[in-house]
Structure formats: C-alpha cells, structure tokens
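For reference, the structure is listed below as structure tokens.
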Amino acid sequence: MAAISQNRIQDRAVALGIDLGQLPGHVAVIMDGNGRWAKKKGLQRLLGHREGYRTLRSVLLNASELGIKFLTVYAFSAENWRRPKDEVDGLMSLIERAAKDELRTMHQNNVRVQVAGRISEVPDGLRSALEHGIETTKDNTGITFTLAVNYGGRAEIVDAVRAIVAEGIEAERITEETIAGHLYNPSTPEPDLMIRTAGEMRWSNFLIWQSAYTELVVTEKPWPEFDEAELLQAVSIYQHRTRKFGAVVE
Ligand code: FPP
C-alpha cells in the first residue's frame, strides 16, 4: 500500500518513488556555486550569495515538510576569511540579517536552530543574533537546522581534543565515542546524505569526522538554482545507494 502523505512535497516525493519511511535523517549541504552563478549573469558575487539565501529559505522549508529531521549547511568556512574583505563583510551581514529576519518564521515552523563553528570569532552582531536564535528555538521539536559559521572540520576536532584534555580524561580512556561526544553538537546524528552543488567532488573540510560513512551526492547546478526537484532527486539517489559501513552486504 502506498504511504499516506501529509503534504504536497511528500506527495511529489512518493510520486517519484521515494520511500518516506527511509528518508535520510540528517542532510548536510555544501552550498557551492554562488559566485559562478553571479559571474555568469554579469552580477557581483554578493548577489549570488543573496540569491543563495533565498534558496536556503526554501530548502529548509522543503526539507522540514518532507520529514527530514536534521539539516546542516556550510554558510561560512574557517577558510572563507581569505576572500576579499567586501565579500567577507557582505557574507557576515547577510547571515546576520537572515538570522534576525527569519527567526520568527523558523520559530513558528517549530525549527530548532544550532550553530557549528568558532562562533566566538565572528562579529558581535552576528554572534548575538545566532545566540538569540538558539535560545529562542531551543525547545522546538521540528527540524534541527544547524548553521556552520566560521566552521572547519579539522578545527572542530582540535577543539574537541582541547576540551578532552581540559577535562583531564586519560589517554587510554579516549575512544571514538569520546571524540564524537566533544564535537560542537554531540547529540546531532552523523549526516546520512551530503549534498554538494556546482559540480566539485570535494569535502572542503566540512563535517570530516561525522562524514566517514555519509553518502555524497554532487549536483551540477549552482546553489542559487537548487530547488525542490533537485532536493528530491538527491534523496532518490541516496535511496538507491547500498550503505555498507565497511561490512559486506549480500
Ligand atoms: C560558496 O559559493 C558559498 C559560500 C561560501 C557562502 C554560502 C552562503 C550562502 C548560501 C548565503 C546565505 C547563507 C545564510 C546563512 C543566509 P562560492 O562563493 O564559493 O561559489 P563559487 O565557487 O562559484 O565562487
């Protein structure tokens, strides 16, 4: 019997053969290609990021309505500080504005907001907007939306090791669980599906500890053109993969 769906995106997913009972619980996204999208249109790179923000709004809503429980997006990497100052400043203010402007909608939609990254190093206005968002939505029970800002996967592991040392945990007692338990959001499950837009086949230091067994789907379209159909396509590709976690699957 076909699954009984709750809303339109679920109807469309079912029509595409997606099994709503086997959705990836945690989807992570490397939102790449904003700059190339803008350049192709003869626009400034920042306009690409602005369009990328619009895409993110709809992807969050779609992922939530589809029934995905965790969505994590790479908004600003620890390496992105190397970009021209006006682009860095523009991105910081765009993320700050988004955090402020979207809070009410996210709260109404039962979204729980988290961040990952060295948040103490971002501008004060952005940091306090993020902290306010986390505090306001902390008891929400819908999708958990994690914004990776000033995030680096290696830096996250360094920070975990520092915390472990600071707690005085003896070397012999350190296991993989100890490290996983000291990452930025230890109760967030590992990503099942990582989507990267704009064609590059790289991990770019994103969730490198957590992605050991994550399925990677790379789409050709740049992030500003990533839409509902692309999301459903990525989920469908994911559902056709056989996850082995290092074992043999007959
Ligand atoms: C990569 O594209 C994208 C980023 C470095 C920034 C991602 C930011 C957004 C999507 C803006 C909205 C985010 C929030 C949280 C409001 P790129 O510039 O590296 O593209 P390119 O490889 O084509 O140059």
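Every number for a ligand or one of its atoms is a count from 1 in the order of the listing.
- A heavy-atom separation below 4.0 Å is not found between Ala198 and ligand 1.
- Aromatic rings of Phe206 and Tyr151 (six-membered ring for Trp) have centroids within the 6.0 Å cut-off, being under it.
- The pair Arg196-Glu200 does not count as a salt bridge, with every side-chain nitrogen at least 4.0 angstrom from each carboxylate oxygen.
- A salt bridge does not link Asp32 with Arg202: none of the charged nitrogens is closer than 4.0 Å to a carboxylate oxygen.
- When the shell of 6.0 Å around CD of Glu176 is examined, it contains 12 or fewer heavy atoms from other residues, nucleotides or ligands.
- Ranking the protein heavy atoms by distance from atom 19 (O) of ligand 1 puts Arg83 NH2, 2.7 Å first.
- Closest to atom 1 (C) of ligand 1, if we only count protein heavy atoms, is Met31 O, 3.2 Å.
- Closest to atom 15 (C) of ligand 1, if we only count protein heavy atoms, is Leu147 CD1, 3.5 Å.
- In this structure, Arg50 has no heavy atom closer than 4.0 Å to ligand 1.
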Please lay out, stage by stage, how Arg82 and Glu79 fare under the test salt bridge (Lys or Arg N to Asp or Glu O under 4.0 Å).
CA-CA 6 Å; Arg82 297 179 195 146; Glu79 290 74 34; 5.1 Å; no
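- Counting protein heavy atoms only, atom 16 (C) of ligand 1 is closest to Ala98 CB, 3.5 Å.
- Salt-bridge formation is detected for the pair Asp124/Arg127: a Lys NZ or Arg NE/NH1/NH2 atom is positioned less than 4.0 Å from an Asp or Glu carboxylate oxygen.
- Scanning the protein for heavy atoms near atom 11 (C) of ligand 1, the closest one is His49 O, 3.5 Å.
- Phe245 belongs to a hydrophobic cluster whose remaining members, ordered by chain and number, are Tyr213; membership requires side-chain heavy atoms of ILVMFWY residues under 4.5 Å apart, directly or through intermediates.
- Some N or O of Arg36 is nearer than 3.5 Å to an N or O of ligand 1, by distance alone.
- Not one N or O of Gly52 is nearer than 3.5 Å to an N or O of ligand 1, by distance alone.
- In summary, the aromatic rings of Phe226 and Trp223 are positioned with their centroids under 6.0 Å apart.
- Ion pairing of Glu51 with Arg54 is present here, as a side-chain N (NZ or NE/NH1/NH2) and a carboxylate O approach within less than 4.0 Å.
- Ranking protein heavy atoms by distance to atom 5 (C) of ligand 1, first place goes to Asn80 OD1, 3.6 Å.
- Considering backbone and side-chain atoms together, Ala75 places no N or O closer than 3.5 Å to any N or O of ligand 1.
- Under a cut-off of 6.0 angstrom, the local environment of CD in Gln239 is crowded, with over 12 non-hydrogen atoms contributed by other residues, nucleotides or ligands.
- Between Tyr74 and ligand 1, a contact under 3.5 Å exists for no N or O pair.
- Not a single N or O atom of Tyr53, backbone or side chain, sits closer than 3.5 Å to an N or O atom of ligand 1.
- Close approach of ligand 1 to Gly35 (heavy-atom distance below 4.0 Å) involves ligand atoms 17 (P), 18 (O), 20 (O), 21 (P), 23 (O), 24 (O).
- Between Arg45 and ligand 1 there is a heavy-atom distance shorter than 4.0 Å.
- Counting only non-hydrogen atoms, the option in Leu56, Asn34, Ile30 that gets closest to atom 10 (C) of ligand 1 is Asn34.
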